[in-house]
Amino acid sequence: MTDLYICYEQEVNEREIIIINEYWSLASSEIPSFTYSVKEHNELYKIYKSDVGNLANLIKKKSSVSCCHPSFICDSCKSKMTTSSRHVCLSRLKQTSYTCDRCEMIAVEKIKKESLDIINAYKNKMLQSDYSFSSLTYVEKLCLFILLTEYHSADKQPLRINPESLHLTGCDEVDIKYIRSLKSKGVLAIVDSVPDEVIQANNQLNYNRYRVTSFWAPAEVKRGDSEFSPGIYLRYTNEFESSAELQQKLYSEICSRKFKESDIEELRILINDIRLNNFYNIITWVSEEFRIHIESSLKLEGLLNHCAKNHSLLAICYCIYSNAEKVAAKLHSRDTPIYIANKLFTKLFDDYLTMASDRGWSLTYTKRLPDTVETSPLESLVSSHFCGNYFNWFLLNTNEIFDYWISGADLNTELLRVEAK
């Protein structure tokens with residue numbers, strides 16, 4: 001049987017000593033237990049309540065226990081623990097070892113440091129780059145600025161994006177194109193997996209964070225900023241000490257519009273790709289709305305390219321919707337061979353645009369855009385800085401967007417512009 005050492009925390013009289021000693025008395029059994037239960041002890045000494053007051057308060061305030069058992073002696077510093085709780089006492093007696101809070105924290109900090117050293121070494125190697133800022137095109141700088149503005153939270157942490165949430169230009173294909181371009185130039189790192197030693201270091205950080213916080217604040221246990229996980233990361237060069245410095249430089253470059261000749265054509269392609277994506281989203285919407293199939297073709301794409309350069313998005317939305325409605329009326333009123341039905345929209349759309357052109361009509365009717373067509377961060381940024389009173393591109397054609405964007409730029413824009421035919 002293990003003997004307990006009783007510590008009298010305050011001055012006690014003989015009667016109080018008897019009460020305290022009997023309370024902490026261990027039974028003679030293989031499984032640690034007390035001679036008296038709390039209820040039995042209270043019954044035994046209740047006659048002294050008038051003299052000593054509440055027995056539980058007496059014992060808690062004036063006594064604690066320790067032991068020479070290994071579960072009461074710290075493995076590291078050899079200090080002994082004391083407790084005034086029976087439950088803790090019995091629990092410790094069932095253990096085979098003990099580490100005090102101070103030594104536990106020292107061990108946690110040591111493991112944390114070792115884990116961070118592993119993670120930081122890998123992170124620094126992965127995120128170091130030698131790309132040159134001047135190698136980026138104007139549009140790449142614009143996309144990078146939006147990435148940092150919309151999705152960056154802290155240096156050397158993954159951008160808060162996934163394939164479903166990425167939204168730069170409003171066109172998924174264009175977004176992915178520029179993400180890949182920035183990766184190929186060494187600006188971004190796409191981390192699909194991490195080495196086993198880094199995973200183990202991450203797990204150690206999580207485990208030790210849980211050990212320290214779970215008792216007091218379990219809600220605070222979360223992935224820490226020091227950990228390294230798969231994702232898209234900004235890489236760093238000697239040109240910029242922080243993402244904030246890079247972001248400031250990007251914004252300055254965007255506003256100054258110091259275009260190279262290659263930038264001019266890239267702008268035209270970007271604007272047109274975004275507008276075509278808008279058109280195809282509208283076509284998908286009317287197809288579902290009227291339960292018709294609209295076949296993709298070079299002819300349809302040619303018509304959409306013409307519309308992009310000459311008409312606003314809202315006007316073409318009305319044209320697409322009204323022609324889709326006519327197609328639905330024709331197809332649902334009589335049987336039409338599928339090879340004709342699939343091409344019927346393109347034919348009616350072509351006829352409508354040809355008639356409008358021949359008669360000199362302006363496409364003035366507009367229609368509200370579907371929810372799938374919305375203002376992208378890029379569109380908002382360009383509109384607010386370069387498009388006068390327009391806060392989006394809905395009422396502009398692509399030539400007008402381009403003209404607004406390059407108006408007042410350093411280059412001789414009249415020489416570089418390629419007029420749309």
Problem set entry | Distance-minimising heavy-atom pair for Phe349 and Cys319 | CE1-CB, 3.9 Å
Exercise. Would you say Ser362's side chain and Thr364's backbone share a donor-acceptor pair under 3.5 angstrom?
Worked result: no
For this session: Tell me whether the guanidinium CZ or amine NZ of Arg86 lies under 6.0 angstrom from the six-membered ring centre of Phe34 and within 45° of its axis.
Result: yes
For this session: Dump the intermediate steps for side chain to side chain donor-acceptor pair (under 3.5 Å) on Ser85 and Thr83, then the final yes or no.
Result: CA-CA 5 Å; Ser85 165; Thr83 180; 4.7 Å; no
For this session: Please confirm whether the backbone N or O of Leu26 pairs with a side-chain atom of Thr35, one donor and one acceptor, at under 3.5 Å?
Result: yes
For this session: Taking atom types as modelled, find out whether Thr137 and Asp263 have a side-chain donor-acceptor pair closer than 3.5 angstrom.
Result: no
Exercise. Can any side-chain N or O of Ser71 pair as donor or acceptor with the backbone N or O of Arg92 at less than 3.5 Å?
Worked result: yes
Exercise. Is the backbone N or O of Asn13 less than 3.5 Å from a side-chain atom of Glu16, with the two atoms forming a donor-acceptor pair by type?
Worked result: yes
Exercise. Does NZ or CZ of Arg268 lie under 6.0 Å from the centre of the six-membered ring of Phe402, at an angle within 45° of the ring axis?
Worked result: yes
For this session: Determine the minimum heavy-atom distance between Ile17 and Val12, stating which atoms define it.
Result: CG1-CG2, 3.4 Å
Problem set entry | Asn278 CG to Leu313 CG distance, which is reported to the nearest 0.5 Å | 5.0 Å
Exercise. Should Glu295 and His293 count as side-chain neighbours, where that means a heavy-atom distance under 4.5 Å?
Worked result: yes
Seminar exercise, completed: Here the gap from Glu140 atom CD to Tyr178 atom OH, rounded to the nearest 0.5 Å, amounts to 7.0 Å
Exercise. Shortest non-hydrogen contact from Ala308 to Arg275?
Worked result: CB-CG, 3.6 Å
Exercise. Is there a donor-acceptor pair under 3.5 Å between the side chain of Glu301 and the backbone N or O of Ser296?
Worked result: no
Seminar exercise, completed: Taken to the nearest 0.5 Å, the spacing of Leu116 CG from Gln204 CD works out to 11.5 Å
Exercise. Under 3.5 Å, is there a donor-acceptor pair linking the side chains of Asp117 and Tyr122?
Worked result: no
Seminar exercise, completed: Heavy-atom closest pair (Lys141 atom, Leu136 atom, distance to 0.1 Å) is CE-O, 3.4 Å
Exercise. Does the Tyr138 side chain pair with the main chain of Ile254, one donor and one acceptor, at a distance under 3.5 Å?
Worked result: yes
Exercise. Nearest 0.5 Å, what's the CD1-CD distance between Ile264 and Glu261?
Worked result: 8.5 Å
Problem set entry | Donor-acceptor contact present, side-chain Asp155 to main-chain Ser242, <3.5 Å | no
Exercise. Is it the case that more than 12 heavy atoms not belonging to Tyr5 sit under 6.0 Å from its OH atom?
Worked result: no
Exercise. Between Phe386 and Tyr404, is the ring centre distance below 6.0 Å?
Worked result: no
Exercise. Is the number of heavy atoms from other residues, nucleotides or ligands under 6.0 Å of Gln10 CD greater than 12?
Worked result: yes
Exercise. Is it true that Lys61 and Glu9 make a salt bridge, defined as a side-chain N closer than 4.0 Å to a carboxylate O?
Worked result: no
Problem set entry | side-chain hydrogen bond (donor to acceptor under 3.5 Å, both in side chains) pairs, two or more places apart, involving residues 366-393 | Tyr251-His385, Ser383-Trp393
Exercise. Rounded to the nearest 0.5 Å, how far does OH of Tyr131 lie from OG of Ser184?
Worked result: 12.5 Å
Seminar exercise, completed: Minimal heavy-atom distance between Cys100 and Cys77, with the atoms involved, is SG-SG, 3.7 Å
For this session: Inspect the contact between Lys249 and Glu253 and indicate whether a charged nitrogen and a carboxylate oxygen are less than 4.0 angstrom apart.
Result: yes
Exercise. Got more than 12 heavy atoms from elsewhere within 6.0 Å of CD, Gln128?
Worked result: yes
Exercise. Is a side-chain donor or acceptor of His41 paired with a backbone partner of Ile19 at a separation under 3.5 angstrom?
Worked result: yes
For this session: Please check if atom NZ in Lys343 has more than 12 non-hydrogen atoms from other residues, nucleotides or ligands closer than 6.0 Å.
Result: no
Problem set entry | Within 6.0 angstrom of Asn57 CG, more than 12 heavy atoms from elsewhere | yes
Exercise. Does CD belonging to Gln95 count more than 12 external heavy atoms closer than 6.0 Å?
Worked result: yes
For this session: Report yes or no: does Glu114 contribute a side-chain atom to a donor-acceptor pair with the main-chain N or O of Ile111 at less than 3.5 Å?
Result: no
Problem set entry | Those residues that, when tested against Ser66, pass side-chain contact (heavy atoms from CB on, under 4.5 Å) (two or more places apart) | Phe72, Lys80, Thr82
Problem set entry | Stepwise side-chain contact (heavy atoms from CB on, under 4.5 Å) check, Ile190 with Ile179 | CA-CA 9 Å; Ile190 300 178; Ile179 290 289; 4.1 Å; yes
Exercise. To the nearest 0.5 Å, how far apart are OG1 in Thr398 and CG in Asn272?
Worked result: 5.5 Å
Exercise. Where is the tightest heavy-atom contact between Asn277 and Gly170, given as atom of each residue plus distance?
Worked result: ND2-O, 2.9 Å
For this session: Keeping the roles fixed (side chain from Lys94, backbone from Pro32), state whether a donor-acceptor pair exists under 3.5 Å.
Result: no
Exercise. Regarding Gln247 and Thr149, is there a side-chain donor-to-acceptor distance under 3.5 Å anywhere?
Worked result: yes
